[in-house]
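To start, the structure itself, in structure tokens.
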Amino acid sequence: LAKTTQPISMDSYEGQEVNITCSHNNIATNDYITWYQQFPSQGPRFIIQGYKTKVTNEVASLFIPADRKSSTLSLPRVSLSDTAVYYCLVGDINSGGGADGLTFGKGTHLIIQP
Amino acid sequence: KAGVTQTPRYLIKTRGQQVTLSCSPISGHRSVSWYQQTPGQGLQFLFEYFSETQRNKGNFPGRFSGRQFSNSRSEMNVSTLELGDSALYLCASSSNSGGGYNEQFFGPGTRLTVL
């Protein structure tokens, strides 16, 4: 089981760049890294996914070092609406997550202040 | 495309009863996963179905079961309900088409309260 460890909570301010780091020391060769965002009383929403190096889309960047034992989600210029819980997942996405599915940890509660 | 739909949205049951929750995935998606979310345990994986077969299973007792139909719609059943089963049950679908990219789309969830 590729367990993940994230900070429980983080604070930042509007307009700042926020970096959330996730540790996954026993990531397997076939595992991908995926980040989701969840607002209260809603299902999680996909943010970004990657296997190695750097991935960027319209909302975030994902940095993955060569050993893949950690990853960093970078949110540029956050706003109040980015206040949410952010989950880092690792798993074999091509087989539904593998034997343990795609396991969500406890997530990081990001609070953005004015 | 319509998103993932789950019915019912809210449910109140009493201990010992059983419950069936339904999930309709996005059209064309063959993988459906179920999760339980509680304040104390967070989001926990229940099981995943792909083309009517259970492909992955989380660490939940046998009271939790599921199935998937030929149209990819899925149901999960919880028998002999316990107070601790009160939770938000989320369903997610994905195309699982391979190629190194797989995004799960989540439904709004079913809020189950066991009294």
Side-chain angles (χ1 to χ4, degrees), chain A residues 1-9 22 28-53 55 57-60 62 64 68 84-109, chain B residues 3-6 9-10 23 25-26 29-51 53-60 64 66 68 72 74 87-111:
Chain A
L1 172 60
K3 183 179 176 180
T4 60
T5 303
Q6 309 172 230
I8 293 174
S9 65
C22 178
T29 301
N30 293 334
D31 287 346
Y32 282 69
I33 300 155
T34 312
W35 286 79
Y36 283 83
Q37 175 193 58
Q38 186 178 28
F39 298 110
S41 300
Q42 294 184 25
R45 184 173 69 101
F46 176 92
I47 301 174
I48 197 166
Q49 186 174 80
Y51 184 81
K52 61 180 179 181
T53 62
V55 180
N57 61 22
E58 62 276 8
V59 298
L62 178 60
I64 306 168
R68 305 204 321 126
V85 179
Y86 291 81
Y87 294 95
C88 163
L89 287 72
V90 294
D92 184 353
I93 60 172
N94 292 315
S95 64
D100 299 296
L102 289 170
T103 302
F104 287 73
K106 295 294 178 67
T108 297
H109 190 188
Chain B
V4 177
T5 58
Q6 293 186 245
R9 291 293 312 278
Y10 302 92
C23 171
I26 290 173
H29 284 188
R30 297 165 64 190
S31 170
V32 174
S33 298
W34 288 89
Y35 295 85
Q36 181 196 66
Q37 186 169 32
T38 59
Q41 298 299 318
L43 261 165
Q44 294 186 285
F45 172 74
L46 281 156
F47 28 67
E48 184 246 356
Y49 286 87
F50 183 80
S51 293
T53 300
Q54 186 181 86
R55 185 165 59 172
N56 298 293
K57 188 178 188 302
N59 189 27
F60 275 79
F64 292 82
Q68 186 179 33
S72 293
S74 178
L88 179 67
Y89 289 88
L90 291 159
C91 164
S93 76
S94 67
S95 61
N96 201 229
S97 57
Y101 178 81
N102 192 12
E103 175 180 349
Q104 285 193 315
F105 294 82
F106 282 81
T110 294
R111 173 73 62 184

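- Atoms CD and CD1, on B:Glu103 and A:Ile47 in that order, are 10.5 Å from each other to the nearest 0.5 Å.
- By the ring-ring contact (aromatic ring centres under 6.0 Å, His included) test, A:Phe39 is found to be paired with no residue, residues two or more places apart in sequence or in another chain being considered.
- With a 4.5 Å cut-off on non-hydrogen atoms, B:Gln44 does not touch chain A at all.
- Residues that satisfy the ring-ring contact (aromatic ring centres under 6.0 Å, His included) test with B:Tyr49, not counting sequence neighbours, are B:Phe47.
- With contacts defined as side-chain heavy-atom distances shorter than 4.5 Å, the pair B:Leu90/A:Gln38 qualifies.
- In this structure, the separation between CD on A:Gln49 and CD on B:Gln104 is 9.5 Å, given to the nearest 0.5 Å.
- Between A:Phe46 and B:Phe106, the ring centre distance reaches or exceeds 6.0 Å.
- Between the side chain of A:Tyr87 and the backbone N or O of B:Leu43, no donor-acceptor pair lies under 3.5 Å.
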